[in-house]
Amino acid sequence: MPNAEDIASELRDLEALAQREWSGANPAERLGLKSRYLGKKSPLNAILRGLKDLPDAERRTIGGLANETRDRLTALFEAAESSRASVAATPYDYTLPGRPHPRGHGHILSQTMDEVIAIFYGMGFEVAEGPEIETDYYNFAALNFPPDHPARDMQDTFFLNDEHLLRTHTSPVQIRVMESQRPPVRILAPGRVYRNEAINARSYCVFHQVEGLYVDSDVSFADLKGVLVAFASEYFGPLVTLRFRPSFFPFTEPSTEVDISCLLCRGRGCSLCKHEGWLEILGAGMVHPAVFAAVDYDVNVFSGYAFGMGIERIAMLKHGIDDIRLFYENDLRFLRQF
Ligand code: DAH
């Protein structure tokens, strides 16, 4: 005849053991614990079945204890089960080390664009945008390219139909902005442009430009020089010097192309600068009166400067990238370097 004291102590031991095992088990092992402690063949079940052999008084106390033990163990196992309903389907091993997720970052062209914008933003320029599908009027006519003028050949154009084309530069944003607001205007227009050129290491059918425009009542070429020198020393470093060469653009007069002293040889001549000592970085000039006329700005009151630079070009110079096509191949071995 089993002794009630012994059974009570067996119940306490069982419960303590179950709790210890539970807290030390991994999820897969926990699945087995429930049937081991509460199933038909469990010691607890044997005790419950043996109750009928006990004298009345003991049956009541032991029965009560055994039921309480069963209830507590059931609660322990079920609470964990319901909080991890999917454990049965996929028993995870929470002790495995995590899988690292690779961290992405902005494309080198986005990074360059952001850097350029940040520098000019600090000088008071606001960002403006325009469409990539443009009309002949905004891309050419309003920028003082006369019809059939050979200047249009400077930019081999993808025409979509008689009226529409893929913009060949970001300069049309100048017109759109000036049409919609009065001076003072100080904007920066970054964006994608398209040219129907032979593809090679130096030119691609798609690339990016940043356009700048400042119009106010008393803007001079010296102001233009000031912002470009400030930009160049910020982006390329304080040691670069700038060289302004006379040039031609239909929408500026006078016009200039601007070079920086070669980043590699500092002007002595090397293969990067083709022994010139200088690298071209942008076009610029004073806004042409015909452009002001197109947007109805009074040329006797207002003056302004404009500039435009290729983002790929300055990124290539700064980082020593020798083929423009690398930007568009999405080869991670290239992209990860920046
Ligand atoms: N739009 C010209 C190009 O794509 C670059 C340029 C030159 C922009 C002079 C300007 C400028 O704003 O003043 O070749």
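Below, each value reflects all heavy atoms present in this structure, side chains not excepted, and no hydrogens, waters or symmetry copies. For ligands, and for the atoms within them, numbers begin at 1 and follow the listed sequence.
- The Gly285 neighbourhood of ligand 1 comprises atoms 13 (O), with distances under 4.0 Å to a heavy atom of that residue.
- For Tyr214 and Tyr305, the ring centers are positioned less than 6.0 Å apart.
- When the salt bridge (Lys or Arg N to Asp or Glu O under 4.0 Å) test is applied to Glu115, the partners found at least two apart in sequence or on another chain are Lys318.
- Taking every non-hydrogen atom of Phe249 and a distance limit under 4.0 Å, the qualifying atoms of ligand 1 come out as 7 (C), 9 (C).
- Every heavy atom of Glu257 sits 4.0 Å or more from the atoms of ligand 1.
- Interface atoms of ligand 1 facing Gln174, defined by a heavy-atom separation under 4.0 Å, are 12 (O).
- Between the OG1 atom in Thr135 and the CG atom in Leu165 there is a gap of 7.0 Å [rounded to 0.5 Å].
- The shell of residues lying under 4.0 angstrom from ligand 1, judged by heavy atoms, excludes Tyr305.
- Among residues two or more places apart in sequence or in another chain, the salt bridge (Lys or Arg N to Asp or Glu O under 4.0 Å) test is passed with Asp331 by Arg333.
- For the ligand labelled ligand 1, residue Met309 lies outside the 4.0 Å heavy-atom shell.
- Every atom of ligand 1 is numbered from 1 in the order shown, and the set under 4.0 Å from a heavy atom of Gln209 is 3 (C), 4 (O).
- Side-chain N/O atoms of Tyr37 and Glu21 include a donor and acceptor closer than 3.5 Å.
- Ligand 1 is approached by Arg195 to a heavy-atom distance shorter than 4.0 Å.
- Atom CZ of Phe140 is separated from atom OG of Ser171 by 10.5 Å, given to the nearest 0.5 angstrom.
- Listed by number with element, the atoms of ligand 1 under 4.0 angstrom from any heavy atom of Ser171 are 1 (N), 8 (C).
- Ring centers of Phe120 and Phe307: under 6.0 Å apart, within the cut-off.
- Near Thr252, the atoms of ligand 1 lying under 4.0 angstrom from a non-hydrogen atom of the residue are 13 (O).
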